[in-house]
Amino acid sequence: MTNTKQNNSNSEKERLDFIRQIVAEDLKTNKWDGRVVTRFPPEPNGYLHIGHAKSICLNFGIAAENTGGVCHLRFDDTNPTKEEQEYIDSIIEDVHWLGWDWSEHLYYASDYFEQMYEYAVQLIKKGKAYVCDLTAEQTREYRGTLTKPGKDSPYRDRSVEENLDLFERMKAGEFPDGSCTLRAKINMSHPNLNMRDPVMYRILHAAHHRTGDKWCIYPMYDWAHGLEDSIERITHSICTLEFENHRPLYDWFLDQLDAYHPQQREFARLNLTYTVMSKRKLLKLVQEGHVVGWDDPRMPTLSGLRRRGYSPQAIRNFCKRIGVNKFNSTVDIALLEHCLREDLNKTSPRVMAVLRPLKVVIDNYPEGQVEELEAINNPEDPSAGVRKVPFSGELYIEREDFMEEPPKKFYRLAPGREVRLRYAYFVTCTDVIKDESGDVVELHCTYDPATRGGDAPDGRKVKSTLHWVSAGHALEAEVRLYDHLFTKENPDDTTEGEDFKSNLNPNSLEVLTSCRVEPSLKNALPLSRYQFERLGYFCVDPDSSDGKLVFNRTVSLRDPWAKIQKARKKK
RNA sequence: UGGGGAAUAGUGUAACGGUAGCACGACUGACUCUGGAUCAGUUAGUCCAGGUCCGAAUCCUGGUUCCCCAGCCA
């Protein structure tokens with residue numbers, strides 16, 4: 001059998017998640033006339049985060065995978081008191097950045113307000129909706145509890161004429177905020193609380209970011225959302241699990257109106273270890289200054305991840321790998337980081353940078369000589385080519401690459417030990433200079449001219465290769481190192497009386513100000529990504545200016561030595 | 001104590017009555033001018049108890065545990 005492998009790959013059929021299975025099945029049975037129309041419907045009241053990316057990739061992904069499939073971007077802007085244009089702009093930018101496109105299908109719920117109003121009038125005429133004068137507090141009392149049925153509002157049996165008149169006057173602005181609502185007339189003792197005469201419209205004398213002062217009544221989610229889907233002739237209305245309880249109401253409204261009726265499906269939202277994912281909590285972190293903004297590189301927001309150096313491809317790969325299901329789960333952030341490294345390894349140009357510089361003088365290197373040594377830009381991608389890196393007799397190496405008394409398994413530089421400087425020469429440490437407090441401030445080495453380029457003609461080997469920069473040529477840079485924003489896998493795991501902020505990691509940001517990077521980075525553009533050899537992936541922060549480079553560490557390289565040290569510390 | 005959902009290695013997922021598989025993590029080892037990458041290997045699982053069946057993660061019965069719902073938020 002020569003083609004076993006091929007058979008295997010052929011028989012390995014594409015595994016579809018349960019939503020995609022439903023879409024495939026619907027296509028087979030021609031349930032929607034062969035159409036696949038999904039939508040991503042964010043409320044513009046915050047920035048998008050990695051959890052939204054899961055939903056975005058699901059909805060846009062399904063549309064892209066099926067011929068003729070379409071995914072709408074729709075702003076669910078039904079609450080003017082919480083929504084802002086800033087959020088709309090950021091959402092558009094983020095979805096585009098992730099690599100998705102909605103072409104002309106950009107919609108706003110607010111564009112349907114007139115239609116929704118007409119539908120509401122229809123419902124009133126059918127005797128299925130009424131204007132209720134109960135206060136918010138009374139409404140709550142009348143609703144009953146999880147175990148006790150509610151009771152009918154005294155306004156429940158108003159005549160159609162009276163309801164029509166009152167509703168029109170609500171719209172006309174005759175009544176103050178909170179004085180009355182339009183409610184669906186369903187069943188006050190329904191076991192599903194959502195069905196106990198839910199509010200359809202509330203009065204809000206607030207300016208809307210798009211409709212201005214045109215409206216003072218605004219539709220509630222349950223009333224609006226199904227209509228939006230219906231108007232846009234969505235086929236698969238995919239949302240998160242907490243809306244499962246709302247589906248009967250979604251269905252009820254569309255059935256009563258005899259309107260086009262998409263199918264709602266629910267999946268579990270994403271949770272990630274060491275981070276929070278609720279807009280409310282993220283907003284709190286921003287407002288209280290625990291982070292510098294929505295795009296702080298420690299935030300799980302798409303803008304934060306972008307600034308941190310994540311690639312859209314890494315995030316999309318991640319979303320593909322985590323799958324889609326109906327049960328709550330928490331994905332290990334290590335999987336996200338794996339997808340990140342996997343993508344950046346293939347795409348990032350390599351460069352040398354020293355985070356914590358230690359001066360090295362090569363005593364036998366010709367005074368004043370400078371050589372241009374060739375370095376490979378990306379060993380994973382030959383087409384990335386090569387570049388020149390200046391070498392001289394005065395260098396910086398990483399402070400942690402030298403130990404005066406090296407423990408077992410430390411392969412790097414130590415007194416009397418020979419190592420390779422990447423793309424350069426073998427050097428041997430001959431002398432250690434310390435200051436009065438005993439700290440190592442400078443190393444003296446000799447180099448072997450025969451090892452130019454990094455190979456010894458006599459075939460002798462060294463145990464390790466160090467990165468370096470030429471002291472006279474390197475650029476100064478600031479580097480920001482990040483760690484998880486929270487110290488606990490589950491930030492909500494708190495002690496009595498504390499909230500998630502008590503689990504904030506005080507060491508989530510470390511700023512290094514006297515780093516040195518190789519001169520090829522001089523004109524590096526903001527948001528461009530590099531691998532600093534042996535250290536990790538780094539991204540140029542927009543805070544960089546002409547004279548000053550600032551880098552964010554996106555993620556470190558896998559680092560067995562760090563692991564060994566960590567294990568030793570524990571002992 | 002009402003209703004709606006859901007349970008597969010440490011984590012995330014597949015298997016749709018027929019050999020419980022994949023990925024991440026962890027741990028070995030090989031290789032290496034990045035202690036990177038790559039490659040090879042090890043580790044470990046069907047919530048519980050019954051039942052149906054030649055055969056059950058899958059079907060049935062009964063439990064257990066977890067999540068969601070009492071906004072004029074979405």
Side-chain angles (χ1 to χ4, degrees), chain A residues 12 15 17 21 41-43 45 76 78-79 81-83 132 134-137 139-141 143-150 177-183 189-196 198-204 217-218 220-222 224-225 239-248 266 268 273 279-280 321-339 341-342 345-346 350 352 375-376 379-380 409-412 420-424 426 451 453-455 461-467 489 531-536 556-564:
Chain A
E12 194 165 311
R15 282 194 282 265
D17 57 68
Q21 280 178 32
E43 183 191 12
N45 69 343
D76 204 1
T78 57
N79 184 354
T81 65
K82 290 191 176 169
E83 298 153 6
C132 179
L134 253 29
T135 64
E137 195 183 337
T139 304
R140 193 184 338 119
E141 284 162 9
R143 186 156 33 228
T145 68
L146 294 176
T147 49
K148 268 181 278 177
D177 285 8
S179 56
C180 57
T181 56
L182 183 72
R183 295 227 259 161
S189 48
H190 196 110
N192 181 340
L193 302 232
N194 294 128
M195 300 296 273
R196 319 242 260 229
V199 173
M200 295 163 60
Y201 278 95
R202 76 285 215 188
I203 299 175
L204 246 31
I217 55 171
Y218 290 93
M220 298 285 293
Y221 169 86
D222 286 307
H225 205 86
C239 60
T240 43
L241 247 32
E242 67 270 25
F243 292 104
E244 214 159 9
N245 293 326
H246 296 247
R247 183 159 33 130
E266 308 84 11
T273 54
K279 278 196 217 172
R280 204 198 95 245
R321 289 215 203 181
I322 56 177
V324 180
N325 244 319
K326 287 202 67 150
F327 45 90
N328 300 302
S329 58
T330 301
V331 177
D332 192 336
I333 192 132
L335 181 60
L336 213 211
E337 292 175 347
H338 168 80
C339 293
R341 292 190 180 104
E342 186 180 51
N345 175 50
K346 286 184 294 196
R350 265 102 255 226
M352 288 196 285
I376 294 165
E380 304 294 323
K409 290 194 177 171
F410 180 86
Y411 303 145
R412 283 107 96 142
R420 171 170 38 235
L421 295 179
R422 175 133 236 222
Y423 299 123
F426 284 13
T451 57
D455 281 309
K461 301 286 184 197
V462 287
K463 206 61 168 136
S464 79
T465 301
L466 309 186
H467 61 275
E489 275 198 22
Q531 185 198 96
F532 289 179
E533 292 218 26
R534 303 209 307 133
L535 297 174
S556 65
L557 252 24
R558 285 188 62 229
D559 187 353
W561 171 240
K563 209 177 267 182
I564 291 168

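Reminder, nothing fancy here: chain letters follow the sequence lines and each chain counts from 1.
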Is G55(B) paired to anything, Watson-Crick or G-U wobble with both distances less than 3.5 Å, and if yes, which nucleotide? none
Which one is paired to A14(B), where only Watson-Crick or G-U wobble pairs with both distances under 3.5 angstrom count? none
Going 5' to 3' along nucleotides 34-46 of chain B, which nucleotides have protein heavy atoms under 4.0 Å from the base (write B), which only from the sugar-phosphate (write S), and which from neither (write -)? BBBS---------
Can you find a heavy atom in the side chain of Thr81(A) that is under 4.5 Å from one in the side chain of Leu204(A)? yes
Which part of the nucleic acid, if any, lies within contact of Thr330(A), taking any heavy atom under 4.0 Å across all strands shown: a base, the sugar-phosphate backbone alone, or nothing? sugar-phosphate
Scan nucleotides 64-74 of chain B nucleotide by nucleotide, 5' to 3', and note B when protein non-hydrogen atoms come under 4.0 Å of the base, S if they reach only the sugar-phosphate, - if neither. ---SBBBSBSB
Protein-nucleic acid N or O pairs under 3.5 Å, nucleotides 17-20 of chain B:
none

Please report the distance separating the C1' of G18(B) from the corresponding atom of G41(B), rounded so that it comes out in whole Å. 30 Å
With distance as the sole test, does Asn325(A) use its side chain to make a donor-acceptor pair with the main-chain N or O of Phe327(A) at under 3.5 Å? no
pair_partner(C66(B)), Watson-Crick or wobble, both distances < 3.5 Å, evaluates to G5(B)
Euclidean distance, atom CG of residue Leu336(A) to atom C1' of G12(B) [Å, nearest integer]: 12 Å
With a 4.5 Å limit on heavy-atom distance, are the side chains of Glu489(A) and Thr330(A) in contact? no
Send over the distance from Gln21(A) CD to U13(B) C1', rounded to a whole Å. 13 Å
Does NZ in Lys326(A) sit with more than 12 non-hydrogen atoms of other residues, nucleotides or ligands closer than 6.0 Å? yes
Is the base of G71(B) syn or anti, if syn means a glycosidic angle within 90° of 0? syn
Using only side-chain N and O atoms of Ser329(A), determine if any of them is under 4.0 Å from OP1 or OP2 of U13(B). yes
Checking N1-N3 plus N6-O4 or O6-N4 for Watson-Crick, or N1-O2 and O6-N3 for wobble, each under 3.5 Å, the partner of A40(B) is U28(B)
His338(A) NE2 to U13(B) C1', in whole Å, measures 14 Å
Protein-nucleotide distance (Glu244(A), atom CD; G3(B), atom C1'), rounded to Å: 12 Å
I'd like to know if the side chain of Glu137(A) pairs up with that of Thr135(A) as donor and acceptor (distance under 3.5 Å, no hydrogens or angles considered). no
